[in-house]
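Input: a single structure, listed below in structure tokens.
None of the values given here were measured: they were computed from a predicted structure. Letters A, B, ... mirror the listed sequences (proteins, then strands); counts begin at 1.
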Number of protein chains: 2
Amino acid sequence: MASIKDVAAEAGVSVATVSRVLNSHPSVSPDARARVLAAVDALGYRPNAVARSLRTDQTRTLGLIISDVLNPYFTALARSVEEAARALGYSVIIGNADERPELQDHHIRTLLDRRIDGLLVSPTDGGSPQILDAARGGTPMVFVDRWIPGVDVPVVRADGCPAVRDLVAHLYRLGHRRLAIIAGPAATTTGSERVEAFRDALGEHGLTLPDAYIGQGDFQADSGRRATERFLALPERPDVVFAADNLMALGALDAIRARGLRVPQDIALAAFDDIPWFVHTDPPITAIAQPTGDLGRAAVRALVDVIEGRPPQSVTLPARLVARRSCGEPASYQRSNL
Amino acid sequence: MASIKDVAAEAGVSVATVSRVLNSHPSVSPDARARVLAAVDALGYRPNAVARSLRTDQTRTLGLIISDVLNPYFTALARSVEEAARALGYSVIIGNADERPELQDHHIRTLLDRRIDGLLVSPTDGGSPQILDAARGGTPMVFVDRWIPGVDVPVVRADGCPAVRDLVAHLYRLGHRRLAIIAGPAATTTGSERVEAFRDALGEHGLTLPDAYIGQGDFQADSGRRATERFLALPERPDVVFAADNLMALGALDAIRARGLRVPQDIALAAFDDIPWFVHTDPPITAIAQPTGDLGRAAVRALVDVIEGRPPQSVTLPARLVARRSCGEPASYQRSNL
DNA sequence: CGAAGCCATGGAAACGATTACATGGACGAT
DNA sequence: ATCGTCCATGTAATCGTTTCCATGGCTTCG
């Protein structure tokens with residue numbers, strides 16, 4: 001592969017001049033510039049990003065650690081992140097943690113070894129030494145979706161509380177009184193927050209959330225299935241199951257089907273995170289939608305701000321309820337427009 | 001960040017010795033080794049992958065260009081690729097082409113600039129100059145899922161023909177005679193092959209595939225919607241729509257719903273690529289399932305073979321029909337086990 | 001007209017690792 | 001005792017860039 005030396009030789013100039021042309025340094029004569037450009041073309045030269053990074057100490061690359069690639073919410077997020085980053089001249093390397101802290105740490109380590117310029121993380125746990133070191137160690141970092149309390153890192157996320165309140169009101173209006181939730185891991189903010197928001201919202205209607213109605217999940221389908229089976233085996237089973245993410249809702253649907261029950265006649269179902277498939281499930285599923293596009297863009301902007309030395313801003317965007325048929329008759333007052 | 005020099009100083013040895021310890025070169029005294037390891041620990045030293053890559057001319061990184069991150073088939077593939085690569089000590093950088101050739105080329109270019117060791121591609125088009133250059137230019141490369149005819153690059157893919165034949169037989173048995181297909185872009189192998197397989201299978205039953213029953217899609221949901229609308233507007237609308245991928249099937253389902261028609265009573269639907277959601281759509285969708293896990297593993301193995309100078313092997317794995325209710329009464333003889 | 005400044009250019013140092021080669025000591029064989 | 005091996009180690013070159021500094025020519029201004 002041709003190097004800058006070959007180009008210099010071909011153009012009859014020094015490597016310094018070639019470099020200047022390539023980096024559009026002003027001090028280059030039109031003549032030299034033309035000759036260099038011609039040589040670049042003739043040789044099909046492309047600068048070696050590895051060498052450049054070594055010298056400049058920047059890779060123009062962002063790392064993105066997502067909790068699960070199979071989760072459509074995160075792939076939507078990844079897509080918008082990549083798009084926003086590309087617009088700013090950055091590449092993105094995605095690390096899939098699969099909801100496993102040790103895998104998350106593996107990815108953080110290799111990304112740091114590669115000297116990425118900044119890290120976008122949706123932490124899988126409450127803060128491994130690895131991730132805390134990275135945060136304190138001066139690596140530009142921004143949390144997205146989930147975050148770790150007590151760490152001084154900007155957070156870009158959606159606030160689900162109002163939407164959860166809307167959801168509970170919606171359920172209450174439809175006559176449901178025994179509401180259960182499948183939570184995510186308590187170590188994650190989205191895992192605990194959604195339960196709290198749910199509990200608070202229930203309180204507003206004079207309802208309580210008994211322990212038996214809190215299923216412990218891990219944001220993946222299987223755990224939703226197991227938690228739901230437990231609910232269904234209860235002497236007094238809940239009227240509604242609210243899954244804290246879309247995959248656990250999928251698992252819940254599986255479990256309900258397996259029991260031969262119907263949604264919403266026998267039991268209602270709702271989920272956090274709206275995805276295209278929810279329109280087509282049987283029945284269409286009521287969900288809380290996050291603005292993934294905006295989230296991704298805001299996260300990249302915040303991270304690039306940190307990288308380039310500007311004061312970054314934490315951002316909180318609203319989530320909204322999309323009512324469909326899985327909780328009872330379509331709520332005409334708030335019907336999805338899809 | 002500590003460099004190898006700092007470690008050398010701390011341990012009281014030369015950088016060469018540190019390097020030898022880190023690369024487990026045999027010629028190092030136990031004493032020196034211990035001191036180096038202690039220094040590494042004390043400083044929290046991690047080798048700079050950029051510098052190492054520059055010197056050794058290898059990055060231990062694979063590039064994976066997928067056609068669309070929002071397509072669950074490709075994310076499943078990406079996941080298995082990353083897993084297999086990790087097991088062999090490689091990282092993976094994913095590039096999302098979004099079914100746009102120019103975006104695919106952008107990613108190929110930046111991956112090559114980063115000097116990845118090898119490239120796994122599921123081409124979005126029939127072969128841009130970019131991709132052909134890369135192939136001829138000596139970059140280790142393997143096609144996965146889709147490929148480009150006439151280019152000497154190993155291919156890892158699933159053969160859908162027998163499964164398509166099974167599908168058509170299944171449909172015929174259920175009484176369907178007017179079968180339509182939503183094809184992918186003709187420039188992609190999976191785009192054209194699936195149509196051919198479908199046409200051939202129809203032929204075996206004495207049926208033909210009129211032009212009006214071939215919808216032109218681009219593997220994304222919207223195109224499935226549009227193609228289906230056109231089918232439904234036909235004076236003699238088809239009995240069945242077979243979508244060449246899962247997203248177009250989603251679009252087709254949208255269009256059918258919008259028309260107020262029912263599946264399968266008014267029109268049947270089947271798709272290439274099985275995904276978890278198909279179990280839960282209304283109705284559950286009959287699909288052709290590919291072994292994504294095996295595909296990913298085989299692709300990585302083939303690519304690493306090329307990289308390490310072993311003779312690589314093209315691999316073709318079987319796909320299989322998973323019959324559900326979207327084409328008519330559950331085919332008990334071949335019912336999904338999910 | 002001479003000093004000062006500027007511009008285009010080249011030489012060479014640096015970035016952080018790996019590795020070819022040199023060196024010197026220990027040890028075994030003759 | 002001498003020579004040759006082998007081992008542990010260090011010195012320095014190298015990978016492909018960027019960039020500091022020096023240089024020499026030209027312009028400009030007093």
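- Using a 4.0 Å cutoff to heavy atoms of chain B, the contacted part of DNA chain D runs 5' to 3' from D:dC7 to D:dG16.
- Electrostatic pairing of A:R35 and A:D31 counts as a salt bridge here, judged by a charged N lying under 4.0 Å from a carboxylate O.
- Between A:R157 and A:D145, no side-chain nitrogen of the basic residue sits less than 4.0 Å from a carboxylate oxygen of the acidic one, so the salt-bridge criterion is not met.
- B:D98 has a carboxylate O that lies under 4.0 Å from a charged side-chain N of A:R79, or vice versa, which qualifies the two as a salt bridge.
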Between the protein and nucleotides 22-25 of chain C, list the N/O to N/O atom pairs that are separated by less than 3.5 angstrom.
none

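- Minimum heavy-atom separation, B:A2 to B:Y45: O-CD1, 3.3 Å.
- For A:N23 (side chain) and A:H25 (main-chain N/O), no donor-acceptor pair under 3.5 Å exists by modelled atom type.
- Shown here for A:A302 and A:V156, the closest heavy-atom pair between the two residues is CB-CG2, 4.3 Å.
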Could you write out each protein N or O paired with an N or O of nucleotides 13-19 of chain C at a distance under 3.5 Å?
from   : atom 1 : to    : atom 2 : distance (Å)
C:dA14 : N3     : A:R55 : NH1    : 3.0
C:dG16 : N2     : B:A51 : O      : 3.4
C:dA17 : OP1    : B:Y45 : OH     : 2.7
C:dA17 : OP1    : B:N48 : N      : 2.8
C:dA17 : OP2    : B:I4  : N      : 2.3
C:dA17 : O5'    : B:Y45 : OH     : 3.3
C:dT18 : OP1    : B:N23 : OD1    : 3.4
C:dT18 : OP1    : B:N23 : ND2    : 3.2
C:dT18 : OP1    : B:R52 : NH1    : 3.1
C:dT18 : OP2    : B:S19 : OG     : 2.6
C:dT18 : OP2    : B:N23 : ND2    : 3.4
C:dT18 : O2     : B:R55 : NH1    : 2.4

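- The pair A:R146-A:E99 meets the salt-bridge criterion, with a side-chain N (NZ, NE, NH1 or NH2) lying under 4.0 Å from an Asp/Glu carboxylate O.
- In this structure, the side chain of A:D245 engages the main chain of A:L247 through a donor-acceptor pair within 3.5 Å.
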Go through the steps for A:H107 and A:Q130 under the test side chain to side chain donor-acceptor pair (under 3.5 Å), then give the verdict. CA-CA 10 Å; A:H107 283 122; A:Q130 199 58 236; over 6 Å; no

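- The environment of B:Q58 atom CD is dense: over 12 non-hydrogen atoms of other residues, nucleotides or ligands sit within 6.0 angstrom.
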